[in-house]
J.: 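Structure in structure tokens, see below.
Just so you know, these numbers use all the heavy atoms, side chains as well, and skip hydrogens, waters and symmetry mates. Since we're looking at a predicted model, the values are computed, not measured.
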Amino acid sequence: MLDIHWLNTFVTLAKLEHFGKTAIKLHMTQPNVSLHIKQLEKSTHVKLIERNPFRLTQAGERLLRSAQNTLMELQTCQADLNAINDLSQGTLTLAASDIISRLLLISPFQSFKKEYPGIDLSLLNTTSDQAADLVKSAKADLGFVIAQKESQPLHFTELHQVKWCALGNGLQEEPTLILLGHDTRTRDLIDLALPSLQLPSYRVMEVGSVDAQIDWAEAGFGVAIVPAFSLHPKLNLQTTITPLPNFPTTSLGYIVRQNQVLSRAIKQLLHWVAEEIQRSQHRA
């Protein structure tokens, strides 16, 4: 039998390609990492790695694929068992972008902590694409995303239709557009919609967050194109806000794994998030 701890060590080592880094990652000693690999090779009767330079053998590559699937399936199974058991202690891990977490999750999290004090909420601030990967691999129980593009093996539920607006001193000739970087799904959507503005030319200033877009636009450096819901807490600003009705709307919602069992705690959290979205619409 292949020990699950050996497989976890092997998968981590294959990713990091370094015994010392693997030991630190897994809170082990380096000799114990080596021992796990030796035990795994003894049990499988094949050599799995070459050390100098580090590389997986053909057998190691084959085992890696199976080990990754096995560990993912076990993690998914444990998450479902926790939900079936109506988990009242432990950790609930969520993945969401910075703007979603800051504007829509703080109040629901406060309510959750009062109702479920035994459950620790863990938040992974990330992009929508990365959130999808985290949910697929069961490293996150729930993901909040914009414009989910795929279904299998995920299930997407829409919570809100996202509209767009321009924040700044008008879309004059040759404006500077303050946009997110190219590594985000939001930027992909913006790039597809920009022709609807019918600008003969423009410059682009790239920043790393919606908050930064808003700050630079307020400071007069250009026009930020942002989701309309991101401006709700800032409606007292004097900066010009221009709706962009020709920009296609997109969906904000949550993703879970297909056939994932949702605990009572997760369902309650989703209810609080939906209420927070409704309140944000009323403030608009």
Side-chain angles (χ1 to χ4, degrees), residues 1-96 118-143 145 150-155 255-263 265-266:
M1 290 289 292
L2 300 183
D3 187 285
I4 194 67
H5 300 293
W6 303 346
L7 290 177
N8 186 53
T9 301
F10 173 68
V11 169
T12 306
L13 178 61
K15 179 180 179 181
L16 299 178
E17 299 184 348
H18 192 278
F19 281 80
K21 292 179 181 178
T22 300
I24 294 172
K25 178 72 174 179
L26 298 178
H27 306 289
M28 298 169 59
T29 64
Q30 190 166 325
N32 273 343
V33 173
S34 297
L35 179 60
H36 278 196
I37 300 305
K38 289 178 181 177
Q39 290 170 321
L40 195 54
E41 290 181 326
K42 182 179 179 180
S43 180
T44 58
H45 306 290
V46 291
K47 188 172 186 178
L48 299 172
I49 65 168
E50 299 285 357
R51 291 178 178 251
N52 293 307
F54 183 95
R55 70 174 183 86
L56 296 182
T57 64
Q58 184 178 0
E61 294 281 1
R62 177 63 185 86
L63 179 62
L64 179 62
R65 292 194 297 272
S66 293
Q68 288 172 324
N69 292 335
T70 298
L71 293 172
M72 184 184 301
E73 185 63 28
L74 285 173
Q75 192 163 3
T76 300
C77 180
Q78 184 63 63
D80 286 343
L81 291 174
N82 289 341
I84 292 170
N85 197 37
D86 206 9
L87 182 68
S88 59
Q89 292 185 338
T91 301
L92 177 61
T93 302
L94 284 75
I119 301 178
D120 291 326
L121 279 173
S122 177
L123 177 64
L124 305 175
N125 262 353
T126 185
T127 66
S128 290
D129 285 328
Q130 292 168 339
D133 289 337
L134 289 167
V135 174
K136 282 181 189 176
S137 62
K139 294 178 181 177
D141 301 289
L142 188 67
V145 300
E150 53 191 319
S151 54
Q152 295 285 354
L154 300 174
H155 177 72
I255 50 172
V256 294
R257 297 180 303 281
Q258 289 281 9
N259 303 316
Q260 178 179 342
V261 180
L262 298 184
S263 67
I266 288 181

J.: Quick check: does any side chain N or O of T57 sit under 3.5 Å from a backbone N or O of K47, one acting as donor and the other as acceptor?
T.: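 Answer holds: yes.
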J.: Which value, rounded to the nearest 0.5 Å, describes the distance between L64 atom CG and L13 atom CG?
T.: 10.0 Å
J.: Answer yes or no: is there a side-chain heavy-atom contact under 4.5 Å between V11 and K15?
T.: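 Heavy-atom side-chain distance check fails, nothing below 4.5 Å.
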J.: Please check if the side chain of E41 supplies one atom and the backbone of L48 the other of a donor-acceptor pair under 3.5 Å.
T.: yes
J.: At their closest point, which heavy atom of S43 faces which heavy atom of W6, and how far apart are they?
T.: CB-CZ3, 4.0 Å
J.: Using every non-hydrogen atom in the two residues, find where F10 and L40 come nearest and quote the distance to one decimal.
T.: CB-CD2, 3.6 Å
J.: Looking only at heavy atoms, which two atoms of A23 and T29 are closest? And how far apart?
T.: CB-C, 3.8 Å
J.: Check the pair I266 / V256 against side chain to side chain contact (heavy atoms under 4.5 Å, CB included), numbers first and verdict last.
T.: CA-CA 11 Å; I266 288 181; V256 294; 5.7 Å; no
J.: So, for V135 and L142, which heavy atoms are closest and what is the spacing to 0.1 Å?
T.: CG2-C, 3.9 Å
J.: Which atom pair, heavy atoms only, marks the closest approach of V46 to A59?
T.: CG2-CB, 4.0 Å
J.: Just how far is it from atom CG of N32 to atom CD of Q39, taken to the nearest 0.5 Å?
T.: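 N32 CG to Q39 CD: 8.5 Å, rounded to 0.5 Å.
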J.: For M28 and T9: C-alpha separation, side-chain torsions, deciding distance, then whether side chain to side chain contact (heavy atoms under 4.5 Å, CB included) applies.
T.: CA-CA 10 Å; M28 298 169 59; T9 301; 4.0 Å; yes
J.: Mind checking the NZ-CG spacing from K139 to L134? Nearest 0.5 Å is all I need.
T.: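 Between atom NZ of K139 and atom CG of L134 there are 7.0 Å.
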J.: Return the minimal non-hydrogen interatomic distance between Q258 and L154, and the atom names on each side.
T.: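 Looking at all heavy atoms of both residues, the closest pair is NE2-O, 3.1 Å.
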J.: Looking at CG of L124 and CD of Q130, how far apart are the two atoms once the value is rounded to the nearest 0.5 Å?
T.: 10.0 Å
J.: I want to check something: taking the side chain as every heavy atom from C-beta on, are T126 and D133 in contact at a cut-off of under 4.5 Å?
T.: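 With C-beta onward as the side chain, the pair stays apart.
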J.: Determine whether N8 and T12 make a side-chain contact, defined as any pair of heavy atoms from C-beta on separated by less than 4.5 Å.
T.: yes
J.: Are the side chains of K25 and L16 in touch, meaning some heavy atoms are under 4.5 Å apart?
T.: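 They are in contact (side-chain heavy atoms under 4.5 Å apart), so the answer is yes.
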J.: Answer whether the closest heavy-atom distance between the side chains of P153 and K136 falls below 4.5 Å.
T.: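 When only atoms from C-beta onward are counted, K136 and P153 do touch, with a gap below 4.5 Å.
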